[in-house]
Number of protein chains: 2
Amino acid sequence: MYLCVMYSSELIKGTLKTIVLKLLSETKQMYGYEITQKVKELTDSKIVITEGALYPLLHQLEAEGIVTTETVNIGKRIRKYYSLTQTGTERAKDKIYEFADFINTMNILLDLKPSVKYV
Amino acid sequence: MYLCVMYSSELIKGTLKTIVLKLLSETKQMYGYEITQKVKELTDSKIVITEGALYPLLHQLEAEGIVTTETVNIGKRIRKYYSLTQTGTERAKDKIYEFADFINTMNILLDLKPSVKYV
DNA sequence: CAAAGATACATAAGAAAATTATGTATAAGC
DNA sequence: GCTTATACATAATTTTCTTATGTATCTTTG
């Protein structure tokens, strides 16, 4: 899920998938809980992903062939690692590019400068 | 509503209120249809607001005391102008600032540079 | 001048995506 | 031993948008 300490929840809606794909495109293998912690850390707790939003999304991405999973036993606990498929890697790139473009458009609308360039 | 030609609809969720408040904070008095056209024009049709999303939002903002309305007759047609209240003006400022901050956070998450400054 | 498209409002049914709550279970820290 | 952190999962509800529909006037174009 998305529990947002700093931003109104409506603002963050729809960005979860982009965030997850970005993290997976950088780290190759991550498990759910790890993703929530990484986002919290990187955003100074401004964006906090909740499990109720994350796990269903991960399951959906798996069903769509965007990620594959590998379940590992850590002591008696399980950990489910997610990694991008080839399709997923393409999709991640597209999503991030789309978001960068979206930010540019919003900057124009809201008179924020300078615009963001995705290189 | 939001019919988005260019962006996946999920991406834009939650930005409608920010956009509307921004436009009203610049133009003082706008009517619904005018807002849809202005957004289309400013974003090169990348973001197209649909009536099914816009009108309910405007009614909600009015119920919350963020905007007031003035109905004007244009020939035999009516036009409903919306303008920010004092509360609304504050709210608009907050919302825009929040969005700018959100963009900065997302830039960090997604490695997009440079970051956006809201001056 | 008739038809099509643009202007201008409104609402309701449905879908999508999150929140909130709940559940289970192990490991670590105090 | 109790609390907090780790680690998964799902279900009910809410929010927010999409899609569809409705009404009506004005303008453009063939």
Side-chain angles (χ1 to χ4, degrees), chain A residues 1-21 29-41 45 47-64 67 69-82 95 102, chain B residues 1-21 29-41 45 47-64 67 69-82 95 102:
Chain A
M1 74 149 186
Y2 262 142
L3 195 177
C4 200
V5 180
M6 185 150 193
Y7 305 120
S8 60
S9 68
E10 61 188 19
L11 197 61
I12 306 164
K13 290 195 179 186
T15 58
L16 179 56
K17 196 184 278 182
T18 307
I19 293 171
V20 168
L21 292 178
Q29 251 200 350
M30 291 184 90
Y31 54 99
Y33 188 76
E34 188 185 9
I35 293 175
T36 67
Q37 298 309 299
K38 191 76 182 172
V39 171
K40 206 193 229 173
E41 179 201 323
S45 294
I47 296 175
V48 177
I49 295 178
T50 56
E51 290 146 301
L54 180 63
Y55 289 120
L57 172 67
L58 288 172
H59 300 160
Q60 182 204 311
L61 291 175
E62 189 181 9
E64 290 171 6
V67 297
T69 60
E70 193 190 341
T71 303
V72 174
N73 284 63
I74 305 293
K76 283 179 183 171
R77 254 195 323 219
I78 57 155
R79 196 179 274 175
K80 208 166 161 186
Y81 279 96
Y82 290 84
K95 266 282 170 198
F102 170 65
Chain B
M1 72 150 190
Y2 262 144
L3 196 177
C4 199
V5 181
M6 186 150 193
Y7 306 121
S8 59
S9 68
E10 61 188 19
L11 198 58
I12 306 161
K13 289 197 178 182
T15 58
L16 179 57
K17 195 185 280 184
T18 306
I19 293 172
V20 169
L21 291 178
Q29 251 200 351
M30 292 184 89
Y31 55 99
Y33 188 76
E34 189 184 8
I35 293 174
T36 67
Q37 297 308 299
K38 191 76 182 171
V39 171
K40 207 193 228 173
E41 178 201 326
S45 295
I47 297 175
V48 178
I49 295 178
T50 56
E51 290 147 300
L54 180 63
Y55 290 120
L57 172 66
L58 289 172
H59 300 162
Q60 181 204 312
L61 291 175
E62 189 181 9
E64 290 172 6
V67 297
T69 62
E70 193 190 340
T71 304
V72 175
N73 284 64
I74 305 293
K76 283 179 183 169
R77 255 193 324 215
I78 56 155
R79 198 179 273 176
K80 209 166 161 188
Y81 279 97
Y82 290 83
K95 266 283 171 198
F102 170 65

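Keep in mind that the numbers below use all heavy atoms, side chains included, and drop hydrogens, waters and symmetry copies. All chains are named by letter (A, B, ...) in the order of the sequence lines, taking the proteins before the strands, and each is independently numbered beginning at 1.
- Atoms CG and OH, on B:L21 and B:Y82 in that order, are 13.0 Å from each other to the nearest 0.5 Å.
- Summarising the geometry, the separation between CG on B:L58 and P on C:dT11 is reported as 12 Å, rounded to the nearest angstrom.
- By the ring-ring contact (aromatic ring centres under 6.0 Å, His included) test, A:Y31 is found to be paired with A:Y81, residues two or more places apart in sequence or in another chain being considered.
- Computed from coordinates, the B:K76 NZ to D:dT23 C1' distance equals 15 Å when rounded to whole Å.
- Going from atom OG1 of A:T36 over to atom CD1 of A:I47 covers 13.0 Å, rounded to the nearest 0.5 Å.
- Rounded to whole Å, atom C1' of C:dT26 lies 12 Å from atom CG of A:N73.
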Nucleotides 7-9 of chain D: which of its N/O atoms have a protein N/O under 3.5 Å away?
residue, atom, partner, partner atom, Å
D:dA7, OP1, A:R79, NE, 3.1
D:dA7, OP1, A:R79, NH2, 2.2
D:dA7, OP2, A:Y31, OH, 2.7
D:dC8, OP1, A:K80, N, 3.0
D:dC8, OP2, A:G32, N, 3.4
D:dC8, OP2, A:Y33, N, 2.6
D:dC8, OP2, A:Y55, OH, 2.9
D:dC8, O5', A:Y55, OH, 3.3
D:dC8, N4, A:E51, OE2, 2.9
D:dA9, OP1, A:H59, NE2, 3.4
D:dA9, OP1, A:K80, NZ, 2.9
D:dA9, OP2, A:H59, NE2, 3.0

Please list every donor-acceptor pair under 3.5 Å in which a side-chain atom of residues 70-77 of chain A meets a protein atom from a residue at least two apart or in another chain.
residue, atom, partner, partner atom, Å
A:E70, OE1, A:Q29, NE2, 2.8

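- The side-chain heavy atoms of A:L58 and A:V67, taken from C-beta on, include no pair separated by under 4.5 Å.
- Consecutive Watson-Crick or G-U pairs involving DNA chain C, each under 3.5 Å on both distances, make up stems of three or more pairs at C:1-30 with D:1-30.
- Taking atom CG of residue A:L54 and atom C1' of nucleotide C:dA17, one finds them 13 Å apart after rounding to whole Å.
- The NZ-C1' distance, from A:K17 to C:dA18, rounds to 13 Å in whole Å.
- Note: CG (A:L57) to C1' (C:dA16) measures 12 Å, nearest angstrom.
- A:Q37 meets the side-chain hydrogen bond (donor to acceptor under 3.5 Å, both in side chains) test with no other residue; sequence neighbours excluded.
- Contact check for A:T15 versus B:F102: side-chain heavy atoms found under the 4.5 Å cut-off.
- Rounded to an integer number of Å, the gap from CG of A:L16 to P of D:dT15 is 20 Å.
- Put simply, the side chain of B:I35 does not reach to within 4.5 Å of the side chain of B:K38, judged on heavy atoms.
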